[in-house]
Each structure stands twice: as C-alpha cells, then as structure tokens.
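Since the structure is predicted, the reported quantities are computational estimates derived from the model, not experimental observations. Per chain, numbering begins at 1; letters A, B, ... match sequence-line order.
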2 protein chains.
Amino acid sequence: MPDPADITSLPLLQEEALEAYSTLLHKLLDDLEEMSASEAGGCTRLLYSPSWLEAQHYLADFMKERGLGVSFDEAGNLYGCLQGTRNDAPLYTGSHIDTVQSGGKFDGALGVAAGIAALLYLKETYGEPSRSLVALSLSEEEGSRFPFAFWGSRSITGLSSWAAAGELKDAEGITLQQAAEAAGFGPDSGLRSGIEAPAGYVELHIEQGSVLERTNTSIGVVTGIVGQKRIDITVQGEANHAGTTPMSYRKDALAGAAEMISEVRKQAIAYGDPLVATVGNIEVFPGAVNVVPGTAQFTLDIRHTDQAILHEYTEFILQRIQTIADSYELIASSEEHLAVEPTPMNPTWVENTVEICEQLGLSYRKMPSGAGHDAQIFASKCDVAMIFVPSKDGISHNPLEYTSREQIDQGFKVLIELLHQYGYRGKTDEEI
Amino acid sequence: MPDPADITSLPLLQEEALEAYSTLLHKLLDDLEEMSASEAGGCTRLLYSPSWLEAQHYLADFMKERGLGVSFDEAGNLYGCLQGTRNDAPLYTGSHIDTVQSGGKFDGALGVAAGIAALLYLKETYGEPSRSLVALSLSEEEGSRFPFAFWGSRSITGLSSWAAAGELKDAEGITLQQAAEAAGFGPDSGLRSGIEAPAGYVELHIEQGSVLERTNTSIGVVTGIVGQKRIDITVQGEANHAGTTPMSYRKDALAGAAEMISEVRKQAIAYGDPLVATVGNIEVFPGAVNVVPGTAQFTLDIRHTDQAILHEYTEFILQRIQTIADSYELIASSEEHLAVEPTPMNPTWVENTVEICEQLGLSYRKMPSGAGHDAQIFASKCDVAMIFVPSKDGISHNPLEYTSREQIDQGFKVLIELLHQYGYRGKTDEEI
C-alpha cells in the first residue's frame, strides 16, 4: 500500500519538458493517423496487415532511437523498456494500435503514444527509474481482423496460445497464425520480449462515451470494467394475413417483442446506473408489410460493474420476457452467447489516481468503463488501472472520434504521475 | 330492387344435378392443381407463364366443349358466356387463376371453377337464362409476377391500359406487354371478348382468414372490402456505444419504435373490429448488438371498411407516434405509399345473399373482406357481391391452404342461387 505521505510529496511536473513530450505524443498520433489513413475515411490498421506492421515498426524505431530497450514477442506485441535499477517486476503501460475498419485517431493509439511519451519524459526528467517501466503496443485488441479480441494481452498473460487462436480466420480465410508468420511473427519466429511478467498495467484511453464531456470533467478514474452478457431472444407467434386476421386472433411476435424491448429499457432505468441494457437489433419473419409477424428475434446486451447485479437484472428481465410472451400467447426462448465477468480496478490505484487529480487541480469522476479493454485481461495477473479522457459527443470507432490536445495533455499528466509514483518513488512489489 | 316475393319462391336446388356439378367443380380444382404443381410445393401459375397459359387454355377448352361461348380479350382474360334471351347487360362471375409462388389450391381457382360449374349447372337445370351469365378467369389479380394487382379487371373496366401497365417489369426484366405478346395476347392481338359491360359481378372466394372457422359459420356474406393505408415510419435517434452510454443519455430509436408498435396495437384494439393495424416489418440501423440503435424503420398497414374511421385512426395513431417520438427525444416521419378506399358491396345483394343462406339453412355471417379482390375494381362500374367460404386455420397463399368439399359446396349453392335470381328470375337492369 502506498504511504499517503508519498502522495503529498508528488514532484512538480516540469512544465517545459511536459510541453515538449506532449508535442512528441501528438506527433506520434499524427504520424500514426497519416500512415494508415483509410480511403473510406479515418484510420484502418488491421492486425498483421501492412499498415499495422508499418506503424508497429515505426514505433519500434522511434523508441529505439530515443534509448528505450525495444523488443517484439511472437504475437507481435511491441515493448519499449526503460530499465529500472532494482529487480522489481516491471510496470507496463500502453494500449493497442489495431483499429476497426475506418476507425478513429485516438482509440488505442492514444494509450500507446502516451505510454511512449511518458517514459521518455520520465527518462529525461528523472533518469533511470528504480522499477522498470515498459511501454506496450498490443496486438488485436479490437478483434476487427480476427474474431479474437485481446489476442495480444491474452498471449502475454498466457490466457491464450497459438494452439487456441492460431487457426482462427479473417474474412478472407487467412488464419491468425498464417498472417502472423507473413508479418514476421508466429510461434516459430523465436521472438521473445525478454521482459518479465508485470507488477501492474496502466492504460490511458479515451472514454468512448459522453459522461465526462456532459459533466465537464477532465479525468475519468476507472473503478472497474463492466461485466457483460449478450443474449439472443426469439419470440415465436403465428404469421397471419394482416387484412383478414382480427386483432383478437393474432399471435403477433413483433407486438410481443415490442413490449419486451420497452420493458428492457424501463427496468434498466429502474435499476439505475451503471446498469445499461440495449436491444441493438431486431429481425422479423416473414417481414412483409401485409403479414402479421410470426417470429421476431432480438439481441440483448446487458452490462454492469457488479456481477451480482448483472446476474440479478438478467434473471429478472428474462422472467419478465416470459411473462409478456405468455400474455401475448407467444413462446419466447433465450440463448446466452457471451458472459464476461466485471473486472474491478485496483482500489488503491484508484485512490492514488484520485489524489493525483486533486494535486494537479484536475476535475475527475470515478466511473466504470462500459467498453472492454486489455486491462481486463491483465487484471487476472496483476493490478490494473485505467485513466479516461473525454470523447467528443461520445463518438468512437468512427473517423469523427475526437479529444482535444488540452484534454489529452491532462490525462498524460495523470499517467506520468502514476508511473512516477510506482517507478521512481521506491514502492516495492509488496506495496503494489 | 328485387321483389321479396321472388325470394320466397326460390327454386329448389336439384340435388342430383348439384352433386354432379360439384364433382365437376372439384375436378377443375384438382386438374388446375395437378397441372401447375410447384416443385417447392403448392401451385405456381404466374401471369402469362407456360403453366398459367396451359391452365387458361384448359379452362377455355373445358367451357367450349360444354357449350359456353368462349373468348379471350387482349389482356388474356377468359370469358365463358351462357347467352341470355334478353338484351340485359350480362352478369359476371369468376375470379383468377394466377397465384403467388407456391400458392394454395383454392385462392382464386375456387371462384373460377365455381363460376364455370354454376353456369353449366344452371344451363342444364334451367336452360337459357334471360340475362347473359359470364364465367370469368381474370389475369394477374395477385400482382405476383408484375407489380400490378388486378390488371385483368382493371383492363376490363377501363381503369388501366397497356399505356399505363405495359412497361411494368417482372423480376427478370420482361415487361408485361412482352410477356402478354409471347403468350398470344397484347394490344396488337386483335382479341376482343365480344362481351358487353357487366350489370354486376359476383365472386366466390375462400375467406383467407379464420373468422368463419372459429365461429363455426358456413358462409361469409361480404359487406365490403376494407380500405387500406400503408405507411412507412422512420424514427431517427442517435447511434451510441451500448456500453459507455448511460440509459439517461440515450436517444434509442428502437426503444421509441417499440412503444409506437405497442401503441398501434393497443389503439387498434380500442377502436374495435373491423379495424386492423399491423406492423409487419421493422429494420434497425446500424443493427449491431453493441450499438444503441440510431434509426428504426417500420411498416404500418391499417384497414377498415369505413373510410372515415380508417382516416380517423390513421390520423390519431400518427399523432400518438409523434408524441412518443417527442418523449424519447426522437424524430419520427411518415410516408404513405398506399391508400385504397373501402369498397362497399351492393346492400341489396348482401340482403339477397343473407336470405338465400336462410332459405338454404346455412349459417352465415356478414363480414368485411380484409383482403383485396377483383370485386373492388368492378365496383367502380357495376354492383358487386362476394361470398366467402371458410379457410382452415385462416391459411392462404401457402400450400396448406384448405377448404373442405362440404364447405365449398355450400358456397357453390349460394352462388348458384344468386346467379339464378339475377339471370333467370326476370329482374331487369333497373332492378339490379
């Protein structure tokens, strides 16, 4: 546990150096954006593709030239190590540069660029840390080329392997292992990071929501990553002629589904934040203007930071769906196809981050992350922390994704202070 | 107006002859089914296709051999005339033999077969009528090959022409006129029916709904064909991340649409029969499990026999949709793309049909037709009547379509009596 006394003796950030390394951070973001600008707008860097590989090597060269110890591992994860003077387990910071198709400039790239810039700032300002600090650019967080989100961090933490993921295919039928090998990685590449397992993982990320913007808050101190359930609901009624079937004879699958969808929302509001429940899609069969729908299928996405509440709401809403089905003489069935448990952030780190915000005079808000991040993978092996900065209009995975330089620099400062605290201030592994 | 005294002097149906002509009716239905059995099940006879043409010529030959005056017109409508002794305008009876893809055995075909069999029964039993009676097999009632329902009856009544419909294309890009010409019809074929404009049109049809079956009723005495509105509703909200957007920030187009769909049903029930309102399809954009829907589009089909109520409900529900949109901070817009006014059947004929049912000891029910029929086209030019027989489970446009021989024969008797009343009992055009 950190000593609160340490917190109050935070070193003043060196404003001039900060300005220089903020410029460097933004140069990295600009360069990454430029080198992978997509014809359809935004950035496209799919794992192991030429544009991803170019960007990953660009970052490797960038770090090498500036004195970090650079290595790749067999999954293509990139490490830039600022070697510590003690044998403490290293502290990792970073994110990913893979994107969705026509993604934004900041999702993932911000955490990578900020991690690199933070290490270089710390190196110049304070010299060697006591604990090794490692900037990371992880492989396939999005799952946008291969259907396997968090492949990079799963590989590092040993939660997955080539045996489990290597045969997964992209849209063109190329396997993950084939693509990795074509890019110079893969199980036979002999590539090793040479970096020890982490004591902790810290990630700066855009919020991808609009809570910070709407509440005019600079920093989101992430308390946990939500757990999630995805369930498909099928409602079976009876297709009938829309003209010749009186209202009282109908077993209208869509009419029933509509009431279920209203109920999902109403009950989610009743449960209150941070519960969110979303029906993102619905399909109706036969789906003709003049036929009473015989079948309706809709998706259900439920998230909460507390597993017990996630479970309780899910059970409750499934029961309500059955009751509504009964009252419409319909048959409802459900199929769960994703269940991810919530990931709490380390509470001490949360408090440290809060204290740093207070020291720096930055407005902050403790909040959940409604989206998934590599931190939830690292959480199974070490303590994790996440720092959010605002997303304009909450937009992400879109060329319109935007966070201002000022907002980024505020998050960058918090990241630097957190890394400084655990890299230079003498905390041992036990204290982490 | 018919003299009620006439009604009470209905001739007794000749049971033996009836049995023979019922057998003939069912032979026609069986033959039509057999010669156009679809590989995918059921019957497929698309307008001007080889199977339709074969069936139409089969019917022409069948009538010719039995002494009816047979002719085709340029649209391919088939006429079988039992010539009357007076110059009164003829009475038409019939339906259509074109089907949807993999349609049933009875929709349309029953009215054609029953019309032919009724004329042959009357000819044998009573000889020449005073008023000409004409059995009709009309072209393209369904609109299943060309997007132009009622082409045959529209052509006869002058409500449409080759200039208006000839260039309409089927799914393969063949125009209606090209297809007609390939089948031996078309504007240059010189084909004319030689039949005068009708004094009236009577059609026997399956209900295509389940009201008669559920109420254990033999005959549906159609009081009118419903008017109909088809309206597309677009609901515009804001697409957002399903994980990072708290419930209170959402402008969820599907949540709003769901409440609108519930309201359509609730208000239709409140208005009461015969109003029916159906949302047959909905589409959601972007339609991803993890994205709050930004747009929802759904169809609305509203029917009633009374134009004023049809209009009132439509206006009311569109207003309710706006109110719901406002309460969800959504923008709703509507586009009407079909508006058909109700078609009342001739009230005297309705009463005559009721009296015939009572004379014959058949249970009957005055009811609207929720589906469209050629009668609504003829209604602009002459008096019309329709007789319904039950449809098992209300199923139509499907190989499972079924009406028993006994049920059909009951409708056949009513049709014969109605034709007899106006063809043999001395009623003048003024009386019709």
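Contact of A/Val226 with chain B is not made at all, since no heavy-atom distance falls under 4.5 Å. Only the backbone of B/Leu275 comes within less than 4.5 Å of a heavy atom of chain A; no side-chain atom from C-beta onward does. With a 4.5 angstrom heavy-atom cutoff, B/Arg265 touches chain A via backbone and side-chain atoms both. Heavy-atom distances place the backbone of B/Ala277, and not its side chain, under 4.5 Å from chain A. The parts of B/Asn290 that come within reach of chain A are both its backbone and its side chain, each placing non-hydrogen atoms under 4.5 angstrom from that chain. For chain A, the nearby parts of B/Val279 are the backbone and the side chain; heavy atoms of each come within less than 4.5 Å. B/Thr245 touches chain A through its backbone: at least one of N, CA, C or O sits under 4.5 Å from a heavy atom, while the side chain does not. Interface remark: B/Tyr271 contributes no atoms to any contact with chain A (heavy atom separation under 4.5 Å). When heavy atoms are compared at a cutoff of 4.5 Å, B/Ala371 approaches chain A by way of both its backbone and its side chain.
The greatest number of non-hydrogen atom pairs below 4.5 Å with chain B, out of A/Arg250, A/Glu238, A/Glu283, A/Glu259, is found for A/Arg250. Among A/Ser369, A/Pro293, A/Gly370, the residue making the largest number of heavy-atom pairs under 4.5 Å with chain B is A/Gly370. Here A/Arg214 is the residue among A/Arg214, A/Arg230, A/Gln228 with the most heavy-atom pairs under 4.5 Å with chain B. With chain A as the partner, the residue from B/Asn240, B/Ile282, B/Val211, B/Thr299 showing the most heavy-atom pairs under 4.5 Å is B/Val211. Per-residue counts of heavy-atom pairs under 4.5 Å with chain B were compared for A/Gly272, A/Pro246, A/Gly280; the largest is that of A/Gly280.
Contact record, B/Val276 with A/Gly243: CG2-O, 4.0 Å, taken as the closest heavy-atom pair. Between B/Met247 and A/Ala268, the shortest heavy-atom contact is CE-CB, 3.7 Å. Across every non-hydrogen atom of B/Gly209 and A/Thr244, the tightest pair is CA-OG1, 3.4 Å. The minimum heavy-atom distance between B/Ser262 and A/Ala255, with the atom names listed, is OG-O, 4.5 Å.
By the neighbour-count criterion of 12 heavy atoms within 6.0 Å, atom CD of B/Glu329 is sparsely surrounded, having that number or fewer from other residues, nucleotides or ligands.
Atom NE2 of B/His241 is separated from atom CD of A/Glu207 by 10.5 Å, given to the nearest 0.5 angstrom.
Screening A/Asp301, A/Thr278, A/Leu338, A/Ile231 for a side-chain contact (heavy atoms from CB on, under 4.5 Å) with B/Val289, the sole residue that qualifies is A/Asp301.
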